[in-house]
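Along the sequence shown, the residues carry numbers beginning at 1. These values consider heavy atoms only, across backbone and side chains, with no hydrogens, waters or symmetry-generated copies. All figures in this text were calculated on a predicted structure; none of them were measured in a lab.
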Amino acid sequence: MDDTEPDGEQPRRRRRDPEGHRAAILDAARHTFAERGYARTTLREIARRAGVTHGLITRHFASKERLFLQAVPGNRDLQGIAAGDAETLPDRIAHAFVRRLETDAVNDPLITLLRSAASDERAASHLLDAMQEHSTAVYRAVLSPGASTEPDDDLDTRVALVGAQLMGVAFSRYIARTEPLASMPPDQLTDHLTRTLRHILFG
């Protein structure tokens, strides 16, 4: 009797372990998005790599878009990074951003998204809008806790500029590899980025 799995299939995990399954899905998603790009990645491929069912992924994350947003480290961890004193928020953003991309830029979904933006503008724009909306909510909780949005409130603009600055650095250093950013020591890059973000957020 042939007990082998069909070609391309991996054994399914039968044990009940919601947190373990979630972690496996996120890990598989991060690597699959990095290898194949957002448009060419399917939930079935992620399920195969994670050793779970397609239905389990939709139960945890609802859609490919939401899974991508959870798989992007900066977006997923932003609340923890932002928490703390408002005055040092630029420092925390810059340190976390540089540390993350210096560790594994090749497999970072944000780098994948930037690489694929030219070939899939609609998907990239939609995902970046969702990331900006999330960032605005998190930063507002730190910079203006409990405050209502005023007619002249420009926080949305400042958050958009922070995002644009980070994406510009990511593209120049980790994709185009243009100088002087490409060879700048990480500590020096962090210092420059901190000063720039402080100016954007506080003027």
Side-chain angles (χ1 to χ4, degrees), residues 3-85 88-89 91-116 120 123-124 126-143 145 159 162-163 166-167 170 174:
D3 290 329
T4 59
E5 294 288 327
D7 289 346
E9 292 293 327
Q10 297 294 325
R12 302 295 187 187
R13 295 177 181 175
R14 301 298 184 187
R15 60 193 176 90
R16 291 183 177 276
D17 181 12
E19 289 307 311
H21 288 157
R22 183 181 176 87
I25 292 167
L26 286 170
D27 184 64
R30 187 166 182 262
H31 286 90
T32 308
F33 283 129
E35 291 171 17
R36 301 177 60 83
Y38 180 80
R40 294 194 300 124
T41 293
T42 66
L43 292 184
R44 293 192 183 282
E45 169 66 9
I46 293 172
R48 185 188 70 76
R49 291 189 180 200
V52 301
T53 64
H54 177 276
L56 189 63
I57 292 183
T58 56
R59 196 175 311 146
H60 276 286
F61 299 98
S63 67
K64 185 169 81 167
E65 175 193 324
R66 292 189 181 183
L67 175 55
F68 180 88
L69 294 173
Q70 285 293 308
V72 176
N75 195 65
R76 183 185 67 221
D77 305 330
L78 185 59
Q79 198 158 4
I81 293 167
D85 181 55
T88 55
L89 177 60
D91 305 69
R92 296 195 297 279
I93 297 171
H95 279 83
F97 178 80
V98 173
R99 183 172 60 247
R100 173 185 126 211
L101 290 182
E102 288 297 304
T103 300
D104 193 14
V106 172
N107 292 312
D108 195 287
L110 176 61
I111 298 299
T112 303
L113 181 60
L114 293 176
R115 286 186 186 277
S116 63
D120 195 353
H126 188 62
L127 289 166
L128 290 171
D129 281 346
M131 291 167 68
Q132 182 176 319
E133 182 179 346
H134 175 61
S135 298
T136 301
V138 172
Y139 292 154
R140 186 176 291 280
V142 176
L143 297 171
V159 171
V162 167
L166 297 178
M167 285 186 288
Y174 303 101

Roughly how far, to the nearest 0.5 Å, is the NE2 atom of H54 from the OG1 atom of T42?
8.0 Å
Using side-chain heavy atoms (C-beta onward) and a distance below 4.5 Å, is F61 in contact with L69?
no
L114: which residues meet the side-chain contact (heavy atoms from CB on, under 4.5 Å) condition with it, sequence neighbours left out?
L110, M167, A170, I175
Just jot down the side-chain hydrogen bond (donor to acceptor under 3.5 Å, both in side chains) partners of H126, sequence neighbours excluded, or say none.
E65
Hey, are the side chains of R49 and T32 touching, using non-hydrogen atoms and a 4.5 Å cut-off?
yes
Heavy-atom pair with the smallest gap, counting every atom of V159 and S135
CG1-CB, 3.9 Å
Taking every non-hydrogen atom, the tightest pair across A82 and V138
CB-CG1, 3.5 Å
Qualifying residues under side-chain contact (heavy atoms from CB on, under 4.5 Å), relative to R40, sequence neighbours excluded:
R36
For F97, all residues meeting ring pair (Phe, Tyr, Trp, His ring centres under 6.0 Å), sequence neighbours excluded
none
My understanding is that only residues two or more places apart in sequence, or in another chain, count here; which of them pass side-chain hydrogen bond (donor to acceptor under 3.5 Å, both in side chains) with T88?
R92
Output all residues satisfying side-chain hydrogen bond (donor to acceptor under 3.5 Å, both in side chains) with Y174, sequence neighbours left out; order by chain, then residue number.
E102
For D104, enumerate each residue passing the salt bridge (charged side-chain N to carboxylate O under 4.0 Å, His left out) test, keeping only those at least two apart in sequence or located in another chain.
R30
Which heavy-atom pair separates A29 from A71 by the least distance, and what is that distance?
CB-CB, 4.3 Å
Kindly compute the distance separating CG (L78) from CE (M131), expressed to the nearest 0.5 Å.
9.5 Å
Please identify each residue that fulfils ring pair (Phe, Tyr, Trp, His ring centres under 6.0 Å) with Y38, with sequence neighbours left out.
F33, F68
Across all chains, not counting sequence neighbours, the side-chain contact (heavy atoms from CB on, under 4.5 Å) partners of A96 are I81, R99
Listed partners of E133 passing salt bridge (charged side-chain N to carboxylate O under 4.0 Å, His left out), at least two apart:
none
At what distance, to the nearest 0.5 angstrom, does CG of L56 lie from CZ of R22?
10.5 Å
With heavy-atom distances below 4.5 Å as the criterion, would you say the side chains of L67 and L26 are in contact?
yes
To check you understand the geometry: which heavy-atom pair defines the closest contact between I25 and I46, and what is its length?
O-CG2, 3.9 Å
Look up atom CG in L128 and atom CG in L113, then write down how far apart they are to the nearest 0.5 Å.
5.0 Å
Within the side chain of H31, is there an N or O that forms a donor-acceptor pair under 3.5 Å with the backbone of D27?
yes
